[in-house]
Protein chains: 2
Amino acid sequence: MSRRRLGYLLKHAGLRLGELTGPALEPYGIDGREFAVLSVLGAREPLSQLEAAQRLGIDRTTMVAMVDALERKGLVGRRPHPGDRRKNIVEPTERGREVLGAATRAVEEAEEAFLAVLPDQDAQRLREALDRLV
Amino acid sequence: MSRRRLGYLLKHAGLRLGELTGPALEPYGIDGREFAVLSVLGAREPLSQLEAAQRLGIDRTTMVAMVDALERKGLVGRRPHPGDRRKNIVEPTERGREVLGAATRAVEEAEEAFLAVLPDQDAQRLREALDRLV
DNA sequence: TATTGTTATACTCTATAACTATA
DNA sequence: TATAGTTATAGAGTATAACAATA
């Protein structure tokens with residue numbers, strides 16, 4: 001049995017991973033949270049702000065500030081939803097898609113570096129176990 | 001390959017676990033952070049505030065407030081270090097040790113419930129993998 | 001001079017409440 | 001009446017800077 005609590009391990013694993021992904025994203029001018037938002041907004045179907053917020057498990061008021069920041073950086077754009085004008089459709093700009101692609105590769109490399117201490121199969125199992133737990 | 005990012009999985013796994021450990025600790029009047037501090041202070045050798053902070057990876061100014069809270073609740077006590085009077089030795093009170101024991105069992109049960117969706121061996125592997133990564 | 005504990009302060013992240021506009 | 005976006009605000013949680021006591 002591990003001597004350290006599971007909560008400690010999860011928290012500090014996330015912190016350590018963040019120490020790798022943070023610098024990996026820096027060249028693209030975004031942080032980990034902005035990358036997460038950009039990722040869901042780059043999904044196949046266009047999303048409203050609320051839908052994007054729900055996919056990430058964050059509040060819609062938090063999403064406002066995230067979209068503001070990405071819009072200021074020219075990475076996403078808002079437009080009214082054609083059928084329901086209460087909603088904003090938020091989509092990556094062309095540059096947003098480029099950044100998303102490059103940043104995704106950078107994050108995947110950071111994840112690989114983070115997981116490098118584990119045999120490949122163990123890393124794969126870790127992902128699958130976390131996926132089931134979440 | 002998992003579609004969700006590793007950072008997301010680690011963060012939300014921690015959040016979901018916290019939803020179980022939080023209520024599990026409530027009967028003992030402490031939250032997860034206080035439990036973590038009480039745990040390291042309940043270790044074999046008595047620790048100073050700074051040593052406890054370093055074991056948890058938190059700042060020594062943060063530790064002041066944590067020890068204040070636990071002391072108010074009668075779960076730990078400060079006393080000067082005999083050989084170095086700059087230091088506080090912080091140790092659980094008798095009641096602190098009782099609470100620590102009961103709270104530890106409650107947290108372990110919450111962890112088991114959290115991991116229940118995984119086969120035993122996978123849960124064990126998850127712990128070991130996280131332990132290596134941290 | 002350096003270290004430990006402390007206080008005051010500030011910053012980040014996030015949510016709640018209240019408003020506007022649309023449905 | 002309810003929903004989506006927005007704004008203002010407040011609450012965690014944490015760290016940095018400065019100070020006193022001690023080494």
Side-chain angles (χ1 to χ4, degrees), chain A residues 7-8 10-12 14-19 21-22 25-26 30-38 40-41 45-72 76-91, chain B residues 7-8 10-12 14-19 21-22 25-26 30-38 40-41 45-72 76-91:
Chain A
Y8 176 93
L10 289 170
K11 177 180 174 183
H12 285 258
L15 288 173
R16 267 220 48 205
L17 175 59
E19 288 167 10
T21 54
L25 287 170
E26 217 167 303
I30 56 176
D31 62 24
R33 291 157 62 244
E34 290 166 343
F35 171 71
V37 172
L38 188 57
V40 308
L41 293 175
E45 345 77 73
L47 298 178
S48 72
Q49 289 185 201
L50 184 58
E51 287 162 346
Q54 286 166 341
R55 296 213 181 178
L56 289 170
I58 65 179
D59 194 83
R60 73 191 206 270
T61 63
T62 303
M63 183 56 69
V64 173
M66 304 297 301
V67 173
D68 283 349
L70 290 170
E71 196 172 40
R72 271 196 306 273
V76 306
R78 290 169 158 108
R79 60 179 174 84
H81 187 293
D84 184 344
R85 290 191 321 193
R86 292 174 302 186
K87 296 184 181 176
N88 286 342
I89 295 298
V90 190
E91 283 175 311
Chain B
Y8 176 92
L10 289 169
K11 177 180 173 184
H12 285 258
L15 288 173
R16 268 221 48 204
L17 176 59
E19 289 166 9
T21 54
L25 288 170
E26 216 167 303
I30 57 176
D31 62 25
R33 292 157 61 245
E34 290 166 345
F35 171 72
V37 172
L38 188 57
V40 307
L41 292 175
E45 344 77 72
L47 298 178
S48 72
Q49 290 185 199
L50 184 58
E51 287 161 345
Q54 286 166 342
R55 298 214 180 178
L56 289 170
I58 65 179
D59 196 82
R60 73 189 204 274
T61 62
T62 302
M63 183 56 69
V64 174
M66 303 296 303
V67 173
D68 283 350
L70 290 170
E71 197 172 39
R72 270 196 306 274
V76 305
R78 289 169 158 107
R79 60 179 175 84
H81 187 293
D84 183 346
R85 289 190 322 189
R86 292 173 302 184
K87 297 183 182 178
N88 286 342
I89 295 298
V90 190
E91 283 176 310

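Order of the sequence lines sets the chain letters (A, B, ...), proteins ahead of strands, with each chain counted from 1. These numbers were taken from a predicted model, which means no experiment stands behind them. Any value given below was found using the heavy atoms of this structure, including those in side chains, with hydrogens, waters and symmetry copies removed.
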Enquirer: Considering residues at least two apart in sequence or located in another chain, which fulfil the salt bridge (Lys or Arg N to Asp or Glu O under 4.0 Å) criterion with Arg78(A)?
Expert: Asp68(A), Glu71(A)

Enquirer: With a 4.5 Å heavy-atom cut-off, do Pro46(B) and Ile89(B) have their side chains touching?
Expert: yes

Enquirer: Between the two end axes of the helix from dT1(C)-dA23(D) to dA23(C)-dT1(D), each built from 5 base pairs, what angle do you get to the nearest 10°?
Expert: 10°

Enquirer: Measuring only between side-chain heavy atoms, which start at C-beta, is Met63(A) closer than 4.5 Å to Leu50(A)?
Expert: no

Enquirer: For side-chain contact (heavy atoms from CB on, under 4.5 Å), just list the numbers for Leu70(B) and Ile30(B), CA-CA rounded to whole Å, side-chain angles, deciding distance to a tenth of an Å, and then say yes or no.
Expert: CA-CA 8 Å; Leu70(B) 290 170; Ile30(B) 57 176; 4.3 Å; yes

Enquirer: Whole Å only: how far is the CG atom of Asn88(A) from the C1' atom of dT20(C)?
Expert: 13 Å

Enquirer: Tell me the interatomic distance from Asp68(B), atom CG, to dT7(C), atom C1', rounded to whole angstroms.
Expert: 11 Å

Enquirer: Check salt bridge (Lys or Arg N to Asp or Glu O under 4.0 Å) between Arg86(A) and all other residues, then give those that pass, not counting sequence neighbours.
Expert: Asp84(A)

Enquirer: Taking heavy atoms of chain B and a 4.0 Å limit, find me the 5'-most and 3'-most nucleotide of DNA chain D within that range.
Expert: dG13(D) to dA23(D)

Enquirer: Is there a side-chain contact between Lys87(B) and the phosphate of dT6(C), meaning an N or O under 4.0 Å from OP1 or OP2?
Expert: no

Enquirer: May I ask you to verify whether the side chain of Arg86(B) and the base of dT3(C) hold a donor-acceptor pair under 3.5 Å?
Expert: yes

Enquirer: Would you check, one step at a time, whether the test side-chain contact (heavy atoms from CB on, under 4.5 Å) holds for Met66(A) with Glu34(A)?
Expert: CA-CA 7 Å; Met66(A) 304 297 301; Glu34(A) 290 166 343; 3.9 Å; yes

Enquirer: Is there a side-chain contact between Arg55(A) and Leu47(A), using heavy atoms and a 4.5 Å cut-off?
Expert: yes

Enquirer: Between C1' on dC11(C) and CG on Asp31(A), what's the gap in Å once rounded to a whole number?
Expert: 15 Å

Enquirer: Considering just the side-chain nitrogens and oxygens of Thr62(A), establish if one lies under 4.0 Å of OP1 or OP2 belonging to dA15(C).
Expert: yes

Enquirer: Of Gly83(A) and Val67(B), whose nearest nucleotide on DNA chain C comes first from the 5' end?
Expert: Val67(B)

Enquirer: Mind checking whether Asp31(A) and Leu25(A) have side chains closer than 4.5 Å, heavy atoms only?
Expert: no

Enquirer: Of the non-hydrogen atoms in Gln49(A) and Asn88(A), which two are nearest, and what is the gap between them?
Expert: OE1-ND2, 3.0 Å

Enquirer: Do the non-hydrogen side-chain atoms of Glu91(A) and Arg79(A) ever get within less than 4.5 Å of each other?
Expert: yes

Enquirer: Any donor-acceptor pair under 3.5 Å between the side chain of Thr61(A) and the base of dT14(C)?
Expert: no

Enquirer: Near DNA chain C, counting only heavy atoms under 4.0 Å, which residues of residues 45-60 of chain B show up?
Expert: Ser48(B), Gln49(B), Leu50(B), Arg60(B)

Enquirer: Tell me, please, which residues at least two apart from Thr61(A) pass side-chain hydrogen bond (donor to acceptor under 3.5 Å, both in side chains).
Expert: Asp59(A)

Enquirer: Rounding to a whole Å, what distance do you find between Asp84(B):CG and dG5(C):C1'?
Expert: 11 Å

Enquirer: At less than 4.0 Å, is any side-chain N or O atom of Arg85(B) found next to OP1 or OP2 of dT4(C)? Yes or no.
Expert: no

